[in-house]
Amino acid sequence: MERLTSPPRLMIVSDLDETMVDHHSDPENLSLLRFNSLWEDAYRHDSLLVFSTGRAPTMYKKLRKQRPLLTPDVIITSVGTEIAYGNSMVPDHNWIEILNNKWDRGIVEEETSKFPELTLQSETEQRPHKLSFHIDKSKVQAVSKQLSQRLEKRGLDIKIIFSGGNAFDVLPQGGGKGQALAYLLKKLKTEGKLPINTLACGDSGNDTELFTIPNIYGVLVSNAQEELLEWYAENAKDNPNIIHATERCAGGIIQAIGHFKLGPNLSPRDVSDFLECKVDNLNPGHEVVKFFLFYERWRRGEVENCETYTASLKASCHPAGVFVHPSGAERSLRDTIDELGKYYGDKKGKKFRVWTDQVLATDTTPGTWIVKLDKWEQTGDERKCCTTTVKFTSKEGEGFVWEHVQQIWSEETEIKDDSNWII
């Protein structure tokens with residue numbers, strides 16, 4: 001969050017499973033990829049992305065390897081009991097201290113073991129401030145009441161969250177997704193960076209607390225589960241700042257951005273012809289997002305007017321511009337565009353996708369920009385990533401000129417195969 005020197009224009013706080021990520025109706029992750037392009041194009045430079053998930057950190061990292069998730073600025077895991085920041089997921093130790101109040105994990109383990117109705121979830125989901133079980137929905141009310149009474153008698157102050165139709169989580173009273181969001185907002189306000197707008201997004205019972213935080217917008221995606229819909233009907237149906245979207249998962253998040261007029265809501269993936277694409281505020285980050293989406297379409301054989309496109313691309317490259325391949329080989333940018341020609345449609349009919357992450361532009365000197373990003377490619381189940389640096393120059397009214405592109409293999413790429421990497 002240090003990269004922001006002023007209040008974020010927008011902070012999105014989103015659940016992952018069945019909210020940002022559609023596990024059931026979108027095998028190619030098109031909805032998520034639409035959101036990714038919109039975020040990197042229009043929001044990454046001045047806004048904050050927060051993921052708030054019931055998953056423990058290990059399972060969150062597993063999901064990142066399975067789906068094209070962006071890198072969030074903040075990751076809240078384990079149903080709001082763990083907060084971490086940045087790429088390296090630096091833990092918030094102050095939050096840990098807050099959760100220790102009136103909490104003793106050993107006592108919770110002892111008391112929950114007395115309830116045969118509770119079946120422990122996998123070991124990966126058991127965390128310092130969260131015990132997770134499966135339970136039959138019909139037993140939730142009675143078990144919650146008895147367990148709460150027993151733990152209160154032993155001096156603990158706990159919270160029970162039921163979600164997903166059978167998940168039963170026991171947390172400190174100060175934990176949960178809502179409390180974690182309230183803590184984060186307070187922290188940002190103290191730093192002089194309280195977001196201008198905040199949008200909370202969810203689909204299940206453990207997201208309910210997100211929508212109780214004052215002065216924020218909220219969206220229940222269309223596929224929200226029964227326990228969240230019941231809460232919405234009883235508590236928020238007449239609240240104009242909380243909507244039940246008509247689109248699933250990430251599509252519902254994009255819908256909410258437009259509904260509440262929080263900023264641009266047209267994803268570059270929804271633009272069919274980039275030659276006709278006009279944006280109000282041209283920025284070099286937009287050029288990068290647009291180019292790599294074009295590159296995906298090119299290799300999938302989905303570009304019409306090929307000669308017009310390649311001529312436009314070559315015209316935007318400096319005559320002496322250089323591309324440095326991850327292998328270290330150098331060639332001119334214009335030759336690289338020509339080289340693309342032989343790969344048109346080579347990925348047609350294959351599960352080939354390209355996305356950009358952490359697109360950040362810096363104006364180093366007047367008329368000169370450096371854009372840094374992670375560029376990902378996926379073919380089938382194989383994924384590769386290059387850390388990419390692009391130098392642009394610009395003159396007022398003349399657009400951006402590509403001067404230099406350098407790529408190096410990311411540490412996240414396990415198979416560094418130069419032969420199939422074009423740009």
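By convention here, the first residue in the shown sequence is residue 1.
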Nearest-0.5 Å distance that lies between atom CG in Asn305 and atom OG1 in Thr310: 10.5 Å
Residue pair His325 / Gln406, side-chain donor-acceptor N/O under 3.5 Å: no
Distance in Å, Ser78 OG paired with Gln126 CD, rounded so as to fall on 0.5 Å steps: 10.0 Å
Between OG1 on residue Thr198 and CE on residue Met11, distance to nearest 0.5 Å: 4.0 Å
Expected output: side-chain Lys102 to main-chain Ile158 donor-acceptor under 3.5 Å: no
Parallel, tilted or perpendicular, as decided by the 30° and 60° cut-offs, for the rings of Phe35 and Trp39: parallel
Within-4.5 Å side-chain heavy-atom neighbours: Arg9 and His45: yes
Side-chain heavy atoms of Phe51 within contact of Ile12, under 4.5 Å: no
Atom pair CD1 (Ile161) and CD (Glu227), whose distance is rounded to the nearest 0.5 Å: 11.5 Å
Side chains of Ser122 and Thr124, donor plus acceptor under 3.5 Å: yes
Output field: ring centroids Phe168/Phe162 closer than 6.0 Å: no
Test item: Lys314 and Asp338 side chains (from C-beta on) under 4.5 Å apart, heavy atoms: yes
Heavy-atom check, side chain of Leu194 versus side chain of Lys186, under 4.5 Å: no
Row check, Tyr344 ring normal vs Arg299 NZ/CZ: under 6.0 Å, within 45°: no
Presence of salt bridge, Glu296 and Arg269, under 4.0 angstrom: yes
Whether Ser222 side chain and Glu247 backbone form a donor-acceptor pair below 3.5 Å: yes
Presence of salt bridge, Arg248 and Asp26, under 4.0 angstrom: no
Test side-chain hydrogen bond (donor to acceptor under 3.5 Å, both in side chains) applied to Thr388 - qualifying residues, sequence neighbours left out: Gln407
Atom NZ of Lys159 with >12 non-hydrogen neighbours under 6.0 angstrom: yes
Ionic contact status for Arg353 with Glu377, cut-off 4.0 Å: no
Over-ring placement of Lys375 relative to Trp421, 6.0 Å and 45° cut-offs: yes
From Thr208, Asp203, Thr19, Ile242, residue fulfilling side chain to side chain contact (heavy atoms under 4.5 Å, CB included) relative to Leu220: Ile242
Interatomic spacing from OG in Ser267 to CZ in Arg34 - rounded to 0.5 Å: 6.0 Å
Trp402: which of Trp369, Phe392, Phe323 passes ring pair (Phe, Tyr, Trp, His ring centres under 6.0 Å): Phe392
Closest approach of Asn241 to Ile216 (non-hydrogen atoms, all atoms of both residues): CB-O, 4.0 Å
Pairwise side-chain contact, Leu333 with Val405, heavy-atom cut-off 4.5 Å (strictly under): yes
Salt-bridge contact Glu382-Lys351 (side-chain N to carboxylate O under 4.0 Å): no
Exercise: identify the closest heavy-atom pair between Gly258 and Asn265: CA-ND2, 3.4 Å
Spacing of Asp357 atom CG and Leu373 atom CG [to the nearest 0.5 Å]: 8.5 Å
Among Leu4, Leu10, Val50, Leu185, side chain to side chain contact (heavy atoms under 4.5 Å, CB included) partner for Pro195: Leu185
